[in-house]
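This one's a predicted model, so the numbers in the text were calculated from it and none came from an experiment. Order of appearance sets the numbers: ligands from 1, and atoms from 1 within every ligand.
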Amino acid sequence: MSLKPQDFFRPEILKATAYSVAAAEGRIKLDAMENPYPWPESLVEGWLNYLSQARPNRYPDPEASALKAALRRYANLPKDAEVLLGNGSDEIIQIVLLALAGHPGATVLAPEPSFVMYRQVAQWLGVNFVGVPLNRDFSLDLDAMLANIARHRPKIVFLAYPNNPTGNLFDASAVLTLIERTPGLVIVDEAYAPFAQVSFTDRLGQFPNLLVMQTLSKLGLAGLRLGFLAGPREWLEQFNKLRLPYNINVLTQLSAEFALTHLEVFQQQTARIRAERAALFTELASLPQVQAFPSAANFILFRVKEADRVFNGLKSQGVLIKNLNPQGGLLQGCLRVTVGTPAENQAFLRALRAALGFAG
Ligand code: PMP
């Protein structure tokens, strides 16, 4: 066979690097914004019992109607909003960008640094992506956003609220201005809603171009892979055509339905994580040589000198966080730690002090 991958794939794909997830290998895993608390044993028992109704020989409900109803209640969605489910919100990003593939001149815009998947998926699909730098304090540069929106007339603007990897919430009135002034759709990505406790869902219906995306991953169900997009019916029924028919498998449908009937368990866990976030921030901010950035999510971004060395020092002590220094730009010197259990956070802080060269 003479065909080579170099001749087969588009240059954008050949240039891309696969989304790599570092192997945790028994390390304390504080790199992926997971909820560190397992399900209580009593819940596991009820869950396995509930799952016994699954019929794996049959395809799942293609509309996942029972789950959608539970999600509507969970996210308090307005009655006239439609819902689209994805295998994680990652898949929703893929579905909405798929709509622009082969659409000449279509542009997607997002501030940067932000969630890398917006740019990555756009590149895979050959959709033009414009990244607009945030201010140095990671706030939205509203003038630059508006200028770029006027210039590129993007079909979609993504705004992560709170933003990943910076952790901050953009100014809500700036977000509203962007929604009003964008000729295309604005997708407010509220992946970290359980920790921010603010949402644009109550604005759905007020703006014909507003869609809100959420996920159950950070609530504590990352392994199920379930995200959803809410917005006007006329938009979602078109996006729904690009969804593969049975994208939410039967175990995910049943497990998420069950989990949402025990929401209080996850709400208690996320409340603990929020309290731990405050404690961890205070400790991080008190360390000389560390600049910690306030967070409305379940992770904290911080800047150190010699970030690569500190990251590797943590790793060699068995603590895995995320090194953002290689991304450069505003993220130069930055590391991101997920808020874990109190014991994990203490282990992280001990390892960090040692990596920074502090005794004790
Ligand atoms: N949006 C943002 C802002 C994220 O940080 C993430 C996960 N890191 C996602 C979406 C995707 O989450 P999931 O696919 O697990 O729903």
Side-chain angles (χ1 to χ4, degrees), residues 19-22 29-36 64 67 71 74-75 83-98 108-122 124 129 131 134 138 140 156-170 175 186-196 198-201 211-230 243-244 247-249 252-253 255-256 259-260 266 270 273 277 293 295-301 320-324 327 331 334 336-339:
Y19 189 89
S20 76
V21 179
K29 195 174 178 328
L30 300 176
D31 65 332
M33 284 81 90
E34 290 148 321
N35 173 339
L67 176 54
L71 288 170
Y74 161 71
V83 183
L84 175 81
L85 304 187
N87 186 348
S89 41
D90 282 345
E91 193 194 28
I92 292 177
I93 297 169
Q94 189 184 59
I95 291 172
V96 298
L97 293 182
L98 204 49
V108 176
L109 183 146
E112 282 193 320
S114 189
F115 186 38
V116 290
M117 231 17 108
Y118 312 142
R119 178 186 276 276
Q120 282 218 345
V121 179
W124 297 339
F129 180 91
L134 292 171
F138 303 133
L140 275 178
I156 297 178
V157 174
F158 281 105
L159 295 173
Y161 184 84
N163 191 36
N164 173 18
T166 58
N168 57 311
L169 277 172
F170 298 135
V175 173
V186 175
I187 300 185
V188 178
D189 177 353
E190 298 183 345
Y192 299 94
F195 309 100
V198 287
S199 172
F200 278 85
T201 46
L211 292 93
V212 175
M213 184 166 76
Q214 291 193 8
T215 174
L216 297 189
S217 294
K218 320 297 170 179
L219 181 71
L221 306 173
L224 297 184
R225 310 300 297 127
L226 186 70
F228 59 98
L229 181 69
R243 181 180 64 85
L244 293 173
N247 64 331
I248 311 300
N249 73 71
T252 295
Q253 290 192 29
S255 301
L260 291 174
F266 302 98
T270 50
I273 295 167
R277 173 182 70 198
F293 298 97
S295 169
N298 63 340
F299 57 85
I300 297 176
L301 186 79
L320 186 64
I321 64 170
K322 176 82 179 175
N323 185 6
L324 293 155
Q327 288 192 29
L331 293 177
C334 286
R336 185 192 66 199
V337 61
T338 303
V339 180

Can you pull out the closest protein heavy atom to atom 14 (O) of ligand 1? Residue, atom name and distance to 0.1 Å, please. Arg225 NH2, 2.9 Å
A cation-pi test, strictly: NZ or CZ of Arg336 under 6.0 Å from the centre of the six-membered ring of Phe299 and no more than 45 degrees from its axis. Yes or no? yes
Protein residue, atom and distance nearest to atom 4 (C) of ligand 1, heavy-atom basis: Tyr192 OH, 3.6 Å
Quick check on contacts: which atoms of ligand 1 are under 4.0 angstrom from a heavy atom of Asp90? 11 (C), 14 (O)
Closest protein heavy atom to atom 6 (C) of ligand 1, given as residue, atom name and distance to 0.1 Å: Phe115 CZ, 3.4 Å
All heavy atoms of Phe266 vs all of Ala259, minimum pair found to be CE1-O, 3.6 Å
Mutual orientation of the aromatic rings belonging to Phe228 and Tyr74 [parallel < 30°, tilted 30-60°, perpendicular > 60°]: perpendicular
Determine, considering heavy atoms only, which of Ser217, Gly88, Ala32 sits nearest to atom 15 (O) of ligand 1. Ser217
Only heavy atoms of Lys218, strictly under 4.0 Å: list the atoms of ligand 1 that pass. 7 (C), 8 (N)
In this structure, atom 12 (O) of ligand 1 is nearest to the protein heavy atom Ser89 OG, 3.3 Å
Contact between Leu320 and Leu30 at the side-chain level, heavy atoms closer than 4.5 Å - yes or no? no
Candidates Asn298, Ile273, Thr338 - the one meeting side-chain contact (heavy atoms from CB on, under 4.5 Å) with Asn35: Ile273
Say whether Ala191 and ligand 1 are in contact under the criterion: heavy-atom distance to a ligand atom below 4.0 Å. yes
Less than 4.5 Å apart, any side-chain heavy atom of Leu226 and any of Asn87? no
Distance to 0.1 Å, residue and atom name: give those for the protein heavy atom nearest to atom 3 (C) of ligand 1. Asp189 OD2, 3.3 Å
When you measure from the side chain of Asn247 to the backbone N and O of Leu85, does any donor-acceptor pair fall under 3.5 Å? yes
